[in-house]
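Numbering of residues begins at 1 and proceeds along the displayed sequence. Note that the structure is a prediction, hence the values are computed from the model and not measured.
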Amino acid sequence: MLASRAAARSDAAASHERVSVVIPCRNEDARIAALLDAIRSQETAVLEVVIVDTGSTDGTVDIVGRYQQHHADLRLRCLSHPGAGISEAMNRGIETAHGEIIVRLDGHSRPRPDYVGRAVDTLRDSGAAIVGGVWDIASGDQTQVAEAIALAVAHPLGAGNAAYRTARTTDGGRTEVDTVPFGCFRKSTWETLGGFDEGLLTNEDYEFNYRARSSGSTVVLDRDIRCTYFARSTIADLARQYFRYGWWKLEMLKRHPRSLRCRQALPGALVPLFVCLGAASLVWPASRLLLGGFALAYAAILSVAAVQVARQQGRWNLVWPLMAAFAAVHGSWSTGFTTNIVSLGRWPRWPRQRRATAKGGQRGFSGVRLLQALASILVLAVLAPPGVATLVNRSRIDRAQEAVRGLAEVLRATGLVDRARGQAADDLLGGPGNSPEAPGVRQWVDGRVGSLTDYVSLPMRSDPWGNRYMVNIGVTRTREADGASTEPPALWVLSAGPNGLVETRYAAPAVSAVVGGDDVGARIE
């Protein structure tokens with residue numbers, strides 16, 4: 001086996017397929033030296049290592065410079081492109097690379113000694129356009145939260161069916177997949193595909209691989225190609241990372257709609273579903289049961305997965321951090337995806353040129369902005385239904401306003417107010433049609449249902465939505481410290497909208513015929 005692999009690599013060397021390793025990086029002072037050590041220790045020698053620094057402020061460039069001085073056997077170049085995204089950095093690095101084969105690595109990675117050799121073997125033997133391997137995900141720190149994050153993003157609940165994250169066995173085998181991280185491909189393939197899409201700040205690997213598959217080529221995952229990937233170490237960093245993933249996934253889908261997979265669509269619907277159910281519960285009490293049931297079901301799924309992983313690790317103290325990590329992955333990805341939809345891709349404005357800061361230049365999407373995005377989605381979900389209902393039912397609302405004004409005038413003239421004094425609370429319905437829902441306002445008194453025709457003789461018709469006009473002649477009673485007291489009657493005529501899928505909350509008008517969403521009310525007295 002070893003002899004055959006050595007012979008194969010000799011054949012590769014004889015065919016002059018030189019290998020260039022390209023690494024886009026920014027602020028990787030903690031790991032860049034270990035990554036270069038791992039590349040220098042590869043069983044298959046590489047022609048060169050091209051590091052493209054996109055604006056490090058933590059000393060990464062200085063570390064690379066010192067490494068270059070002390071290890072002259074490794075051909076190492078460091079290009080500076082401040083503000084460049086990963087796609088742009090990859091393109092600039094590959095443009096200057098001299099190798100026929102490109103192996104992309106990352107500052108958060110550490111390849112095994114046989115990584116490059118196996119990648120080259122698989123690329124040649126499989127005939128694929130792009131090949132890659134499996135991530136052995138390690139924690140970015142020694143805290144419980146960091147350990148939980150590493151386990152969560154390697155679990156199917158956190159990674160879906162992404163084989164490069166969830167393939168934990170050491171069994172070999174090659175299979176065609178949608179995408180691989182840190183791909184290995186020929187420079188000629190990169191040229192044919194037109195390079196990485198510099199309009200994408202993330203999801204550039206998936207988009208590049210998708211174009212390769214769309215051209216008739218294949219993308220192959222070899223489980224023998226393995227590298228360690230260091231996950232984020234805090235929930236805040238994880239949330240920012242997955243917000244970017246979700247936001248830029250939609251940008252990628254705008255370019256390639258057919259690339260959407262079920263594992264991406266389901267998390268994308270999470271936040272909108274919670275928001276819609278939450279908004280509906282404000283006006284439709286029955287939806288509170290749906291919201292509670294959905295929340296309990298989701299919490300149960302997180303709990304089961306967290307307990308399963310914690311039991312496998314023998315670490316029961318990881319249950320809560322695991323649940324938090326799973327929720328951060330789903331919620332942040334869905335929030336990013338939804339924010340892009342709601343803002344039409346215009347917010348947040350991702351700067352192409354990132355400004356360096358004293359803390360290391362990490363200007364990404366802050367936790368405050370993440371909360372702002374969630375708040376914006378909630379506000380839009382609450383405000384949109386009344387706006388939509390009012391727009392759709394504009395002509396009916398106008399007719400209802402005229403009707404309730406006229407009915408209120410007639411009822412005033414009948415002396416209904418005087419006759420109502422001292423009456424028990426009655427909600428009186430008149431005319432044919434369905435009963436509208438009573439508004440939840442203090443002036444409206446719920447009670448037994450009577451007939452309006454018992455008080456006045458009027459030819460009643462349905463309102464513009466087919467409902468009966470509702471008239472309240474009840475007296476609002478309040479209890480004070482010195483006993484019961486009675487407020488003056490608050491009499492209303494109400495046309496309560498269509499009571500359809502788009503439901504709205506009725507706002508009690510202080511004057512006659514004020515619209516609350518698609519509901520219209522007029523005060524008699």
Side-chain angles (χ1 to χ4, degrees), residues 85-87 157-162 178-179 197-208 210-211 236 238-284 287 290-291 294-295 298 326-352 364-392 501-504 517:
I86 295 177
S87 296
L157 188 61
N161 62 349
D178 292 341
T179 188
D197 186 343
E198 296 185 9
L200 295 176
L201 297 189
T202 63
N203 286 294
E204 76 290 337
D205 279 338
Y206 193 99
E207 194 274 342
F208 185 71
Y210 180 79
R211 280 190 283 128
L238 182 70
R240 284 190 286 267
Q241 178 187 26
Y242 275 83
F243 181 93
R244 291 195 302 270
Y245 285 174
W247 201 96
W248 286 99
K249 171 56 73 174
L250 185 63
E251 288 298 301
M252 202 277 288
L253 290 176
K254 292 176 184 177
R255 293 161 166 77
H256 310 290
R258 295 183 179 180
S259 68
L260 181 65
R261 295 292 181 268
C262 182
R263 73 169 187 266
Q264 301 154 356
L266 290 178
L270 180 68
V271 168
L273 185 57
F274 266 121
V275 169
C276 290
L277 288 176
S281 67
L282 298 176
V283 294
W284 183 30
S287 65
L290 294 176
L291 176 61
F294 183 65
Y298 181 63
F326 285 133
V329 167
H330 300 156
S332 299
W333 198 99
S334 183
T335 300
F337 193 86
T338 307
T339 300
N340 191 317
I341 294 175
V342 172
S343 69
L344 302 179
R346 297 178 181 177
W347 190 88
R349 299 184 65 85
W350 302 88
R352 293 299 302 271
F365 197 80
S366 69
V368 173
R369 288 189 178 182
L370 183 60
L371 292 176
Q372 289 174 342
L374 285 168
S376 299
I377 294 171
L378 286 169
V379 169
L380 287 171
V382 171
L383 296 181
V388 171
T390 303
L391 180 64
V392 171
L501 293 176
V502 181
E503 192 57 79
T504 60

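Here the side chain of Ser334 pairs no donor or acceptor atom with the backbone of His330 at under 3.5 angstrom. Of the possible polar contacts, one joining the Trp247 side chain to the Trp347 backbone as a donor-acceptor pair under 3.5 Å is found. Between the side chain of Asn203 and the backbone N or O of Tyr245, at least one donor-acceptor pair lies under 3.5 Å.
What you find for Val271 and Gly331 is that their closest heavy atoms are CG2-O, 3.6 Å. Looking at every heavy atom in both residues, Trp248 comes nearest to Gly199 through CZ3-O, 3.1 Å. In terms of heavy-atom proximity, Ala327 sits nearest to Tyr298 at CA-OH, 3.7 Å.
With sequence neighbours excluded, the residues forming a ring pair (Phe, Tyr, Trp, His ring centres under 6.0 Å) with Phe208 are Phe185, Phe196, listed by chain and number. A search for side chain to side chain donor-acceptor pair (under 3.5 Å) contacts involving Tyr210 returns nothing, not counting sequence neighbours. For Asn340, the side chain to side chain donor-acceptor pair (under 3.5 Å) partners at least two apart in sequence or on another chain are Glu251, Lys254. With sequence neighbours excluded, the residues that form a side-chain contact (heavy atoms from CB on, under 4.5 Å) with Leu290 are Leu277.
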key: Worked check of side chain to side chain contact (heavy atoms under 4.5 Å, CB included) between Leu270 and Trp333   = CA-CA 9 Å; Leu270 180 68; Trp333 198 99; over 6 Å; no

ask   = Can Val329 and Leu238 be said to form a side chain to side chain contact (heavy atoms under 4.5 Å, CB included), step by step?
value = CA-CA 7 Å; Val329 167; Leu238 182 70; 3.9 Å; yes

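If you take CE on Met252 and CG on Leu200, they are separated by 7.5 Å, rounding to the nearest 0.5 Å. Of the inter-residue distances, the one linking Phe326 atom CZ with Leu157 atom CG reads 5.0 Å to the nearest 0.5 angstrom. Remark: Glu207 CD to Asp197 CG distance equals 4.5 Å, nearest 0.5 Å. Between Thr339 atom OG1 and Arg346 atom CZ the span is 15.5 Å, to the nearest 0.5 Å. Separation of atoms NZ (Lys249) and OG (Ser259) is listed at 5.5 Å; rounding is to 0.5 Å.
Residues Phe337 and Pro272 fail the side-chain proximity criterion, which asks for heavy atoms closer than 4.5 Å.
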